[in-house]
Amino acid sequence: MLCSSGSLPRVIADPITLRSLQSLGRVATRPNPMPSALLRPTAAAAAFCRLGLRSPPPPRRPILPLSAARLSSYCGGAMDGCGNSTVLVLAGKSPQEDDLARFLKSRSDTLKLLDEEAGEVRVLLRSEAYQSTFDPQFYMGALTASRFGRLLIWSPRLPSTHDLVSKNFGELPVGTVCVTDVQIKGRGRAKNVWESPMGCLLFSFTLQMEDGRKLPLLQYVVSLAVTEAIKELCQTNGLPQLDIRIKWPNDLYLNGLKVGGILCTSTYRSKHFNVCAGIGLNLDNEKPTTCLNAVLQEINSGSLCLRREDILASFFNKFENLFEVFLDQGFQSLEELYYKTWLHSGQKVVIEEKQEGQPEESIIVTVQGLTSSGYLLAVGEDDKSYELHPDGNSFDFFKGLVRRKLE
């Protein structure tokens, strides 16, 4: 969906058409047990599932991009999370997920931020949120995924979306997504802290995996889902293609500038890896680098733009399909598509090596792809294959690479 100037859409409480519903996922048992109806599809949901019915797409409305200043004006008043409390607005795709949202609200002590700056946590349903910069109705209308993104948590301001879903993993169904307008303690690689301003698409979601050997490759599936989602949105809406590329291992670049990043973390419990994936994407904030909508307007010399709701829904629609292929067939089935999107095929990399008692030596290798463990596969001038690892000290992964000879 495209957006235009005008009043910001209100959060509508009208029920969403019921669509196919798979399991809501695992929800932790508490002393006050959750109603059993929240843990399995109703007969009506099962009937819709058999018929393969889906919710109708939201109406198309060409609108102008909202400036960061205008967006920030909506992050005040009763919906402001910047005072002594943090507001969490819950919304579901189907009546069953809405029931789960009501249950979570009824247990006021369920969702925790565990951050002193967050203050008191206020949980609202979307029918109670009269003003919002993120429209759950439009998002849910564009969402077709059956496992991911169906329970939404939105807040105008959070310390970190990643912390919220990871610290409440056991209280939420797998696939839950948390979105915020501004986060002040966003997490990056190697515990780097990122302050994310208004205008970004900032979200984290949960998933589970059993095969630990595939876990390091998950971040590449997430990155690919982002680029494929934006590509499809541009095609669908008749917009110029944005040449968003993946910089190994987890950055997104546009016209040579970083516009996004991915972070995946996991814990192991009960024979499952509980994974939290976080994504940050510059959509309307031109600083500190550039953003998608600014580049779109430069190319198009018009006023068309992408919305956060559309990108988020398109991401989950793509990710669900890619994730299923990844689990069933491995990353090898996605490599060709991934290599078309990343920046590094044929890239020359200089490896600085120094052995004890010897002067530093510069060795040139050429990147060929990824190894089965997710590191860079390169070929040296001696025609031998090497696996390239980061040294763990350099901010840029391509500085301080360490090579390991592959037999």
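With rounding to the nearest 0.5 Å, the separation of CG in Leu164 from OG1 in Thr206 is 11.0 Å. A distance of 11.5 Å separates CG in Asp310 from CG in Leu143, rounded to the nearest 0.5 Å. Remark: Thr176 OG1 to Asn168 CG distance equals 10.0 Å, nearest 0.5 Å. In this structure, CG in Asp251 is found 15.0 Å from CZ in Arg245, a value given to the nearest 0.5 Å. Between the CD atom of Gln241 and the CD1 atom of Ile299 there is a distance of 9.5 Å, given to the nearest 0.5 Å. Atoms CZ and CG, on Arg102 and Leu125 in that order, are 7.0 Å from each other to the nearest 0.5 Å.
Ring geometry for Phe323 versus Phe319: interplanar angle under 30°, hence parallel rather than tilted (30 to 60°). Note: Phe315 and Phe205 have perpendicular aromatic rings, judged against thresholds of 30 and 60 degrees for the angle between ring planes. The aromatic rings of Tyr338 and Trp342 are tilted relative to each other, their planes meeting at an angle between 30° and 60°.
In this structure, Glu352 contributes its side chain and Glu360 its backbone to no donor-acceptor pair below 3.5 Å. With hydrogens and angles disregarded, no donor-acceptor distance shorter than 3.5 Å links the side chain of Asn293 to the backbone of Cys305. Under a 3.5 Å cut-off, the side chain of Asn317 and the backbone N or O of Ala313 do form a donor-acceptor pair. A donor-acceptor pair is defined here as one N or O able to donate and one able to accept, closer than 3.5 Å; such a pair exists between the side chain of Glu97 and the backbone of Ser94. A side-chain donor-acceptor contact under 3.5 Å links Lys214 to the backbone of Leu327. No donor-acceptor distance shorter than 3.5 angstrom exists from the side chain of Arg147 to the backbone of Gly175, with no hydrogens or angles considered. In this structure a side-chain-to-backbone donor-acceptor pair under 3.5 Å is present from Glu320 to Ser146. Under a 3.5 Å cut-off, the side chain of Thr227 and the backbone N or O of Leu224 do form a donor-acceptor pair. In this structure, the side chain of Ser160 engages the main chain of Asp163 through a donor-acceptor pair within 3.5 Å.
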Query raised in the report: Could you walk me through whether Arg157 and Ile184 pass the side-chain contact (heavy atoms from CB on, under 4.5 Å) check?
Result: CA-CA 8 Å; Arg157 183 178 186 267; Ile184 57 175; 3.5 Å; yes

Report task. Decide side-chain contact (heavy atoms from CB on, under 4.5 Å) for Arg308 and Asp181; before the verdict, give the C-alpha distance in whole Å, the side-chain angles of both, and the deciding distance to 0.1 Å. Result -> CA-CA 10 Å; Arg308 290 186 298 168; Asp181 295 346; 2.8 Å; yes

Requested in this report: Could you please spell out the steps behind the ring pair (Phe, Tyr, Trp, His ring centres under 6.0 Å) verdict for Phe203 and Phe134?
Outcome: CA-CA 12 Å; Phe203 68 99; Phe134 187 92; 9.5 Å; no

**Report entry** Stepwise side-chain contact (heavy atoms from CB on, under 4.5 Å) check, Leu152 with Val89
**Finding:** CA-CA 8 Å; Leu152 168 74; Val89 179; over 6 Å; no

Requested in this report: Begin from the C-alpha positions of Glu228 and Leu337 and carry the test side-chain contact (heavy atoms from CB on, under 4.5 Å) through to its verdict.
Outcome: CA-CA 9 Å; Glu228 289 298 297; Leu337 183 60; 3.7 Å; yes

Requested in this report: Begin from the C-alpha positions of Asp98 and Arg126 and carry the test salt bridge (Lys or Arg N to Asp or Glu O under 4.0 Å) through to its verdict.
Outcome: CA-CA 9 Å; Asp98 280 335; Arg126 60 173 163 176; 3.4 Å; yes

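Closest heavy-atom contact between Thr371 and Leu376: CG2-O, 4.0 Å. Across all their heavy atoms, Ser372 and Leu217 have their closest contact at O-CD1, 3.7 Å. Taking all atoms of both residues into account, the shortest heavy-atom contact from Glu309 to Asp135 is OE2-N, 2.8 Å. Residue Ser223 comes nearest to Asn250 through the heavy atom pair OG-CA, 4.5 Å, listed as atom of the first residue, atom of the second, then distance. Of all the heavy atoms in Leu158 and Cys178, the pair that sits closest is CD1-SG, 3.5 Å. The minimum heavy-atom distance between Thr289 and Lys258, with the atom names listed, is OG1-O, 2.6 Å.
Between Lys105 and Glu128 there is a salt bridge, with a side-chain nitrogen of the basic residue lying less than 4.0 Å from a carboxylate oxygen of the acidic one.
At least one side-chain heavy atom of Thr86 sits under 4.5 Å from a side-chain heavy atom of Ser155. Between Leu239 and Leu306 the shortest side-chain heavy-atom distance falls below 4.5 Å. Looking only at side-chain heavy atoms (C-beta outward), Val177 and Tyr139 come within less than 4.5 Å of each other. Contact of the Cys291 side chain with the Val259 side chain is not registered, since no non-hydrogen atoms from C-beta on lie closer than 4.5 Å. Taking the side chain as every heavy atom from C-beta outward, Leu377 and Leu370 never approach each other to under 4.5 Å. Taking the side chain as every heavy atom from C-beta outward, Leu104 and Leu151 approach each other to under 4.5 Å. Residues His344 and Lys247 are in side-chain contact: their nearest non-hydrogen atoms beyond the backbone lie under 4.5 Å apart. At least one side-chain heavy atom of Val179 sits less than 4.5 Å from a side-chain heavy atom of Trp154.
Applying side chain to side chain contact (heavy atoms under 4.5 Å, CB included) to Val275 and the options Thr265, Leu207, Thr267 leaves one that passes, Leu207.
Applying the 6.0 Å contact sphere to CD of Glu336 captures no more than 12 heavy atoms from other residues, nucleotides or ligands. Atom CD of Glu353 is surrounded by more than 12 heavy atoms from other residues, nucleotides or ligands within 6.0 Å.
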